[in-house]
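Take this structure, written in structure tokens, and hold onto it; I'll ask about it next.
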Amino acid sequence: MEAINLLTEVRSDLSVNILPLDIAGVAQLRENVRSSVEQLDDYILPRYRSLDAPLLAVVGGSTGAGKSTLVNAIVGHPVTRAGVIRPTTRQPILLHHELDRPWLENDRILPGLRRITGTTVSRNESIPASQAGATPDAALTDSIILLQDDAVPRGLAILDAPDVDSISDENRRLAGQLLAAADLWIFVTTANRYADAVPWKLLSEAAGRNITVAVVLDRVPAGVEEEIATDLRGMLQREGLGGAELFVVPELELDEMDMLPGLAVAPLKTWLGELADTSESRAAIARQTLAGVLGQLADRGDVIAVAMGEQEASGSRLAQYAEEAFAQAHVGILASVQDGTLLRGEVLARWQDFVGTGEFFRSLESGIGRLRDRIGAFFTGKPKPVDNIEAAIESGLHAVVVDQAAKASETTEERWRADPAGKGLVGTANLGVLSAGFSDRVAEQVRAWQGDLMGIIRTEGANKRMTARMVSFGVNGVAVALMVVVFASTAGLTGLEVGIAGGSAVVGQKLLEAIFGEDAVRRLTKRAKDSLAARCTDLLETEKERFLVRLQGIPTAEDAKRMKQNSAAIRRLAREQGA
């Protein structure tokens, strides 16, 4: 039961899109994943659960090799000729003994293919042209036909598969799927085509799986049987299939029913009968093939684990691009806030209007010794409304945040598009443009930050003495002064701007110290900066998430490690079956 649980877990892991990033070589790796899931469903799990089930012998080969003629000869009468069975002869046909039907009529093997029950007609019955012509030219690749024929030995089912070199992609894919579900292969080739590349690719795969293989060399001209058979045996030996059975069928005339003489396939029929004769002989074949398939699955799992690690590394790289760009945006916002940039232009003009006249600030050029007198006058006078400067600060801060977020989005998209893994994730999306509503969210957060500052000031100025000092200034006015102090550093400013911005900061600083004291102002400033940083972080994280959400489903290092561990466990199962 532990083995079944392991294989079921591996099947579950492989059934999701574990290789989502379009990195080099991923197409073949995805095909390996798909094939592994298919083989787990079609062969490994059903065979592991029931070693005593009938052996599945798949007859495969190239176009025109004579597969159908061979199958007909094995059972002794036509079963695969066009029009001989209903509803179609173009689909894969599964021949079985009556007593083996319960093993085959459900989805124990090949669960993805529908079962259709076929019926034979008598040898002498004519087929109406309307019925014979109803057969489609292309094979229907979503079903197989179950055909009972007691000429098939009990314990053995024979499946006539589509051509492995069919011009139809779906036919070739189905042929490969059926061969992967087999306990043993009966591979049919001809004297003219036994060296073709496509069959040998599949035979090499059979060698890798250690599957039992019988090769039928069909239509061999008289006089060259031994020469061609010797050459083919040498090729099999070189491909690791020296133990494969080789059956030579000479070039013979077919009878009126397009049948080969029974003697032509007698050795093959005898061999199949011996394999199916006892439960022990069937189990030996099943275990040999199962061990080989499990070993192949383990090898594939190792390769897939490496690919998962590469996907994780690529995903981490893409995430890092986004992290770096938006971290830089956060740094850029805070730098713009603290380097005096926001104390230029409209904000500076409105601040001047609020705390005094232009002459007041111009007096700062010759020194700030008279500040105490000005501050005292400020408390006894009546400042102008704060609405204008609040609006100017909101507008300036809003512009800084939007600009930095836009740069981060553009930078991240550019780096993703330059990376093969990221290019596929971006696709046709325009991630370099800020998300809808971002500007409104920034405005909302800036206003919320201004509200934070008023809350901080109310809390700090809760005693009556401080409240009295704030009466003429107002909570909003004190909050504005705190904002100016947050924007206080003069780094990056030159000349007159230094004096004006620096003076602005000093005025705000002295106003706050007069109300709260020096230590409290430092505490207030830090809380204000932290609050702004946190809100900017939230805004940027939302925009960054537009990129990171596309990385969901990329395997983690732990996923790759688990795949590697499961592959090792499957390899142990293979050794147990082969013991």
Does this structure show an ion pair linking R282 with D52, if we count only N-O contacts that are shorter than 4.0 Å?
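Between D52 and R282 there is no salt bridge, as every charged N stays at least 4.0 Å from the carboxylate O atoms.
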Quick one: does V306's side chain get under 4.5 Å of E310's, heavy atoms only?
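Answer yes - side chains close enough.
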Using a distance-only test with no angle check, is there a side-chain donor-acceptor pair under 3.5 angstrom linking T556 and E312?
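The criterion, which ignores hydrogens and geometry beyond distance, is not satisfied for E312 and T556.
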To the nearest 0.5 angstrom, please state how far the OG atom of S435 sits from the CD atom of E545.
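Going from the OG atom of S435 to the CD atom of E545 covers 11.5 Å.
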Return the CD1 to CG distance between I304 and L297, rounded to the nearest 0.5 Å.
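If we round to the nearest 0.5 Å, I304:CD1 and L297:CG are 7.5 Å apart.
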Donor-acceptor check, side chain of R209 to backbone of S204, threshold 3.5 angstrom: yes or no?
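Here the side-chain-to-backbone pair does not exist.
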I need the L174 CG to I144 CD1 distance, nearest 0.5 Å.
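Here the rounded value is 9.0 Å.
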Among side-chain atoms of S50 and R108, is any donor-acceptor pair under 3.5 angstrom?
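R108 and S50 do have a side-chain donor-acceptor pair below 3.5 Å.
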So, are R572 and E576 salt-bridged, with charged N and O less than 4.0 Å apart?
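E576 and R572: not salt-bridged.
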Is there a side-chain contact between Y194 and L217 in this structure, where contact means two heavy atoms from C-beta onward sitting under 4.5 Å apart?
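Yes, at least one pair of side-chain atoms sits under 4.5 Å.
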Report the C-alpha separation of R562 and D13 in whole Å, then their side-chain angles, then the decisive distance to 0.1 Å, and conclude whether the salt bridge (Lys or Arg N to Asp or Glu O under 4.0 Å) test is met.
CA-CA 10 Å; R562 186 174 68 252; D13 289 343; 3.3 Å; yes
What's the separation between atom NZ in K564 and atom CG in D559, rounded to the nearest 0.5 Å?
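So the gap between those two atoms works out to 15.5 Å.
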Is it true that a side-chain atom of S62 and a backbone atom of A65 form a donor plus acceptor pair closer than 3.5 Å?
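Not at all, since once roles are kept as given, no pair shorter than 3.5 Å links the two residues.
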With a 4.0 Å cut-off on N to O distance, would you call R571 and D302 a salt bridge?
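Yes.
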Working for salt bridge (Lys or Arg N to Asp or Glu O under 4.0 Å), residues E38 and R34
CA-CA 6 Å; E38 206 167 61; R34 186 198 64 79; 3.1 Å; yes
Please walk me through it: do D538 and R535 pass salt bridge (Lys or Arg N to Asp or Glu O under 4.0 Å)?
CA-CA 5 Å; D538 290 343; R535 291 189 178 278; over 6 Å; no
Within the structure provided, determine whether R317 and S314 are in side-chain contact (heavy-atom separation under 4.5 Å).
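They are in contact (side-chain heavy atoms under 4.5 Å apart), so the answer is yes.
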Can you tell me if N32 and Q28 form a side-chain donor-acceptor pair at under 3.5 Å?
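N32 vs Q28: donor-acceptor pair found between side chains.
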Going by an N to O cut-off under 4.0 Å, is there a salt bridge joining R441 and E543?
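Yes.
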List the steps, then state whether ring pair (Phe, Tyr, Trp, His ring centres under 6.0 Å) holds for W416 with F547.
CA-CA 9 Å; W416 276 35; F547 292 90; 5.4 Å; yes
Run the salt-bridge test on D165 and R172 with the 4.0 Å N-O cut-off and return the result as yes or no.
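No, D165 and R172 are not salt-bridged.
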Short side-chain to backbone donor-acceptor contact, W185 and V215, under 3.5 Å
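The answer is no, because no donor-acceptor pair under 3.5 Å joins these two groups.
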For residues T278 and S281, is any side-chain donor paired with an opposing acceptor at under 3.5 Å?
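Yes, side-chain donor-acceptor contact under 3.5 Å.
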Apply the test salt bridge (Lys or Arg N to Asp or Glu O under 4.0 Å) to residues E205 and K201: give CA-CA distance (whole Å), side-chain angles for both, the deciding distance (0.1 Å), then the verdict.
CA-CA 6 Å; E205 183 179 339; K201 180 180 178 182; over 6 Å; no
Verdict with supporting geometry, F326 and E541, side-chain contact (heavy atoms from CB on, under 4.5 Å)
CA-CA 8 Å; F326 283 91; E541 285 293 319; over 6 Å; no
Starting at CG of L29, measure out to CE of M308 and round the result to the nearest 0.5 Å.
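Answer for the CG-CE pair, L29 versus M308, is 11.5 Å.
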Side chains of D160 and S68 only: does a donor on one sit below 3.5 Å from an acceptor on the other?
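Yes, a side-chain donor-acceptor pair sits under 3.5 Å.
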Do the side chains of R173 and D169 get close enough for a salt bridge, i.e. N-O under 4.0 angstrom?
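Not counted as a salt bridge, because no side-chain N and carboxylate O are separated by less than 4.0 Å.
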With a 4.0 Å cut-off on N to O distance, would you call D183 and R47 a salt bridge?
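Yes.
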Is the side chain of H97 donor-acceptor paired with the backbone N or O of A151 at a distance under 3.5 Å, no angle test?
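Not a single qualifying donor-acceptor pair exists.
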Within the supplied structure, the quantity of interest is the number of heavy atoms (other residues, nucleotides, ligands) at a distance under 6.0 Å from Q565 CD; does it exceed 12?
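Yes, CD of Q565 has more than 12 neighbouring heavy atoms, counting only those of other groups under 6.0 Å.
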Pairwise distance CG(L14) to OG(S35) - rounded to 0.5 angstrom
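Taking CG in L14 and OG in S35, the distance rounds to 11.0 Å.
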Should the pair R154-E98 be classified as a salt bridge under the 4.0 Å nitrogen-to-oxygen rule?
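No, R154 and E98 are not salt-bridged.
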Is the ring pair F247/W271 parallel, tilted or perpendicular, if the boundaries are 30 and 60 degrees?
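The arrangement is tilted - the two ring planes meet at 30° to 60°.
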Taking R115 for its side chain and N106 for its backbone only, find out whether a donor-acceptor pair lies under 3.5 Å.
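Between the backbone of N106 and the side chain of R115 there is a qualifying donor-acceptor contact (under 3.5 Å).
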Under a 4.0 Å threshold between the charged nitrogen and the carboxylate oxygen, would K407 count as salt-bridged to E410?
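Judged by the 4.0 Å cut-off on N to carboxylate O distance, E410 and K407 do not form a salt bridge.
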For H77 and D149, does a side-chain donor sit closer than 3.5 Å to a side-chain acceptor?
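A donor-acceptor contact under 3.5 Å links the two side chains.
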Is D218 salt-bridged to K67, cutoff N-O under 4.0 Å?
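Here D218 does not pair with K67 in a salt bridge, since their nearest N and O are not under 4.0 Å apart.
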